[in-house]
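Notes follow once the structure below has been shown.
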Amino acid sequence: MQDEHKQRLFTLIGGIPAGKVAAYGQLADLAGLPRQARAVGRLLKELPKSSTLPWYRVVNSQGKISFPYGSQKYTEQKTRLQMEGVIFIKDKINMRVYQWA
DNA sequence: AAGGTGACTCTGC
DNA sequence: CGCAGAGCCACCT
């Protein structure tokens with residue numbers, strides 16, 4: 001994937017307001033990368049632990065966290081979102097309510 | 001170098 | 001709600 005797209009993705013993700021979330025595919029589309037949701041996942045995977053990017057505000061299109069249920073990462077992401085007011089019902093977010101843009 | 005994998009997603013049954 | 005199939009594609013084996 002080109003640096004240009006990476007930049008656009010970083011900007012987009014950094015622009016997601018607290019209490020809101022975006023799906024991988026949605027971000028890919030907005031960055032000009034249709035059908036490349038996986039590319040967004042790959043990008044986030046390489047983020048340094050020190051990154052300030054709100055990576056936890058990115059969930060899958062079903063409103064669920066894309067980490068194994070109960071894993072450390074899963075719990076961290078869910079906790080962070082809950083701290084911003086996002087409500088989980090059956091481990092799922094109502095995208096109609098929290099989806100950004 | 002061929003084949004498996006995965007922070008995905010949509011369609012269809 | 002769940003599972004299968006297909007598209008997608010950079011990375012690992």
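Here is the naming used below: chain letters follow the sequence lines, and residue numbers restart at 1 for every chain. Just so it is clear, the structure is predicted and the values come from calculations on it, not from any experiment.
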| request: With the side chain counted from C-beta on, respond yes when A/Tyr74 and A/Asp91 share a heavy-atom pair under 4.5 Å apart, and no when they do not. | output: yes

| Check: A/Val58 and A/Ile13 side chains under 4.5 Å, non-hydrogen atoms | yes

N/O donor-acceptor pairs under 3.5 Å from side chains in residues 22-31 of chain A, not counting sequence neighbours:
{"from": "A/Gln26", "atom 1": "OE1", "to": "A/Ala23", "atom 2": "N", "distance (Å)": "3.3"}
{"from": "A/Gln26", "atom 1": "NE2", "to": "A/Trp100", "atom 2": "O", "distance (Å)": "2.7"}

Rounded to the nearest Å, what distance is computed from the [atom1] atom of residue [X] to the [atom2] atom of nucleotide [N]?
| X | N | atom1 | atom2 | result |
| --- | --- | --- | --- | --- |
| A/Met1 | C/dC8 | CE | C1' | 13 Å |
| A/Lys45 | C/dC9 | NZ | P | 16 Å |
| A/Trp55 | B/dC8 | CH2 | P | 14 Å |
| A/Asp29 | C/dC8 | CG | C1' | 13 Å |
| A/Gln26 | B/dT9 | CD | P | 10 Å |
| A/Lys64 | B/dC10 | NZ | P | 13 Å |
| A/Ile65 | B/dG6 | CD1 | P | 19 Å |
| A/Leu33 | B/dT9 | CG | P | 14 Å |

Table please: side-chain donor-acceptor pairs of residues 44-56 of chain A below 3.5 Å, with sequence neighbours left out.
{"from": "A/Ser51", "atom 1": "OG", "to": "A/Leu53", "atom 2": "N", "distance (Å)": "3.1"}
{"from": "A/Tyr56", "atom 1": "OH", "to": "A/Glu84", "atom 2": "OE2", "distance (Å)": "3.1"}

| task | For B/dC10 and C/dC1, measure between their P atoms and round to the nearest Å. | result | 15 Å

| Mind checking the C1' distance from B/dT5 to C/dA6? Whole angstroms is fine. | 16 Å

| Is any side-chain nitrogen or oxygen of A/Gln36 closer than 4.0 Å to OP1 or OP2 of C/dC8? | no

| query | Below 4.0 angstrom from OP1 or OP2 of B/dA7, is there any side-chain N or O of A/Ser66? | reply | no

| Touch class at under 4.0 angstrom, heavy-atom based, for A/Ala23 against every strand present | sugar-phosphate

| What does A/Arg35 touch in the nucleic acid at a heavy-atom separation under 4.0 angstrom: a base, only the sugar-phosphate, or nothing? | sugar-phosphate

| message | With nearest nucleotide decided by heavy atoms, which residue, A/Glu46 or A/Arg38, maps closer to the 5′ end of DNA chain C? | response | A/Arg38

| said: Would A/Leu81 and A/Arg57 count as a side-chain contact (heavy atoms from CB on, under 4.5 Å) here? Give the steps. | reply: CA-CA 7 Å; A/Leu81 287 174; A/Arg57 302 214 266 243; 4.3 Å; yes

